[in-house]
> 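Let me give you the structure first, and then I'll get to my questions.
Computed from heavy atoms alone, side chains included, the values below leave out hydrogens, waters and symmetry copies. In the text below, chain A, chain B and the rest are named by the order of the sequence lines, each starting its count at 1.
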2 protein chains.
Amino acid sequence: MTDTDASNRLPVWCAGKDWCPITATASLLGKKWHPVIVHRLLEGGPMGFNELKADVGGISSKVLSDSLEDLEDKQLVNREIVSEKPVRVNYSLTEHGESLESLIFEMRDWGMEHLDAAEEQEEAIA
Amino acid sequence: MTDTDASNRLPVWCAGKDWCPITATASLLGKKWHPVIVHRLLEGGPMGFNELKADVGGISSKVLSDSLEDLEDKQLVNREIVSEKPVRVNYSLTEHGESLESLIFEMRDWGMEHLDAAEEQEEAIA
DNA sequence: CAGAATCCCAGTGGATACTG
DNA sequence: CAGTATCCACTGGGATTCTG
C-alpha cells in the first residue's frame, strides 16, 4: 500500500466518499458549545475554568467540563495545571485549535448574514 | 460605532454575545446529514429523493426526509414537485443554501487536513 | 477554584415495514 | 418514486448537588 495517496488519510468508514471529512468536521463543530469555546479562547486568550465559564455565559459546569474534555481528546485545546493549591488550570488552544479560526469566523459571518430570516420564520410559525 | 450595524439583526437571545451566530450556525451544520446533503446538491446539482439518498449513501428514508424538511424550513433547500404520477420531486439549493458553499468546502478541507490525527488517537484508545 | 457525581429529559438518528 | 408510520436506542445537554 502506498502512503503517498491522500485517500488513506481518511477514516476507513469514509470508503471513497469525499464528503466524509465534512461529517467528521461537523460532528466537531456541531456540538453546541464547542465552537463557542474555541471562539472565546481565540478572542480572549488562555484562561481558567470559571473565567471561561463566565466568558461563555449560560453554560453549566458539567457541560463545560465535558466539552473541554472532548476538545482536549481531539487535541484542539490544551489543559495545563498551573498550581495545585488552590487548583488552577489554564486552557489554551493548540495549533490544531487555532487552525479553526477562519472556519469559526466564517460560521459567525454566515450566521449573521443568513440567520435572521430563519429566526423570523420560526417566530411566524410560533 | 454606529447602531445601524449587524447587532440588531441577531436573535434576541443573543443579548450582545457576538458568538451567538456561531451556535446558531453550528446547530445547522451539526445535524449529522445536513452538511452532506447540501454538499451533494452542490456537487451533483438538483435531484430527486432516491437519487439523493443513493448519492449520500447510508442514510435512511426517514432521516433523509426529516433532514430535507428541516432544510426546507430553514430555506436552504427548495422542494419542487415535478410530476404527480408517478410522483417526482426535485430538490435543489436555494440561494441561501448555495451561500454555504465556501463554508462546507472549508469544513471538508479542514477535516482532511486535521482529522486523521484524531482518528489515530481514537484507534489508540480503542 | 475546578471540577465530579447524579439524575433526567428531549431530540436525533436508525431499522424496518408500509403506502399513494 | 417519494415518502409515512412506528418503535427504539443513544446521547447531548441541563439542573442540581457535592468535593479536594
> Where does the angle between the aromatic ring planes of B/Tyr91 and B/Phe49 fall among parallel (under 30°), tilted (30 to 60°) and perpendicular (over 60°)?
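B/Tyr91 and B/Phe49: tilted rings.
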> For C/dC1, does OP1 or OP2 lie under 4.0 Å from any side-chain N or O of A/Tyr91?
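Answer no for this pair, as no side-chain N or O of A/Tyr91 is under 4.0 Å from OP1 or OP2.
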> Could you tell me the separation between the CG atom of A/Asp66 and the P atom of D/dC10, rounded to a whole number of Å?
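Nearest whole value for this atom pair: 19 Å.
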> Rounding to an integer number of Å, can you tell me how far B/Glu72 CD sits from D/dA2 P?
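Distance, rounded to whole Å: 14 Å.
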> For nucleotides 16-18 of chain C, print each protein N/O atom paired with a nucleotide N/O atom at under 3.5 Å, atom names and distance only.
none

> How long is the line joining CG of A/Leu71 and P of D/dG13, in whole Å?
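Between P of D/dG13 and CG of A/Leu71: 11 Å.
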> Tell me: NZ of B/Lys32 to P of D/dT11, nearest whole Å?
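Rounding to the nearest Å, NZ of B/Lys32 and P of D/dT11 are 11 Å apart.
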> Output the rounded distance in Å from NZ (B/Lys85) to C1' (D/dG3).
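So the two atoms are 18 Å apart, to the nearest Å.
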> Can you tell which of C/dC1, D/dA2, C/dG3 lies closest to the side chain of B/Asn50?
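Comparing C/dC1, D/dA2, C/dG3 against the side chain of B/Asn50, the answer is D/dA2.
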> The side chain of B/Val63 lies closest to which of these nucleotides: C/dG3, C/dG13, D/dC1?
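For B/Val63, the side-chain atoms sit closest to C/dG13.
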> Looking at D/dG3, I'd like to know if its phosphate oxygens (OP1 or OP2) sit under 4.0 Å from a side-chain N or O belonging to B/Arg79.
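For D/dG3, OP1/OP2 do have a side-chain N/O of B/Arg79 under 4.0 Å.
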> Between B/Glu69 (CD) and D/dA5 (C1'), how many Å, whole number?
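One finds 14 Å between C1' of D/dA5 and CD of B/Glu69, rounded.
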> Which part of the nucleic acid, if any, lies within contact of B/Val89, taking any heavy atom under 4.0 Å across all strands shown: a base, the sugar-phosphate backbone alone, or nothing?
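If one applies the 4.0 Å heavy-atom cut-off, B/Val89 turns out to touch the sugar-phosphate alone, with no base involved.
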> The side chain of A/Trp33 lies closest to which of these nucleotides: C/dT12, D/dG14, C/dA2?
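The answer is D/dG14.
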> When you check the gap from the basic side-chain N to the acidic O, do A/Asp55 and B/Lys17 get nearer than 4.0 Å?
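No salt bridge links A/Asp55 with B/Lys17.
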> B/Ile59 has an atom CD1; how far is it from atom C1' of C/dG13, in whole Å?
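Nearest whole value for this atom pair: 9 Å.
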> List the atom of A/Ile37, the atom of A/Ser67, and the distance in Å for their closest heavy-atom pair.
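So the minimum-distance heavy-atom pair works out to CD1-CB, 3.5 Å.
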> Counting C-beta onward and ignoring hydrogens, is there a side-chain heavy-atom pair between B/Leu41 and B/Met47 closer than 4.5 Å?
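In contact.
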> Does A/Glu43 CD have over 12 foreign heavy atoms under 6.0 Å away?
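Counting neighbours around CD of A/Glu43, more than 12 heavy atoms of other residues, nucleotides or ligands fall under 6.0 Å, so yes.
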> What is the distance from atom CG of B/Leu68 to atom CZ of B/Arg79, rounded to the nearest 0.5 Å?
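Atom-to-atom, B/Leu68:CG and B/Arg79:CZ are 8.5 Å apart.
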> Atom NZ of A/Lys31 and atom P of C/dG11: how far apart are they, to the nearest Å?
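My rounded result for the distance is 18 Å.
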> Test your reading of the model: is there a side-chain donor-acceptor pair from B/Ser65 to the backbone of B/Ser61, 3.5 Å cut-off?
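No, B/Ser65 side chain to B/Ser61 backbone: no donor-acceptor pair under 3.5 Å.
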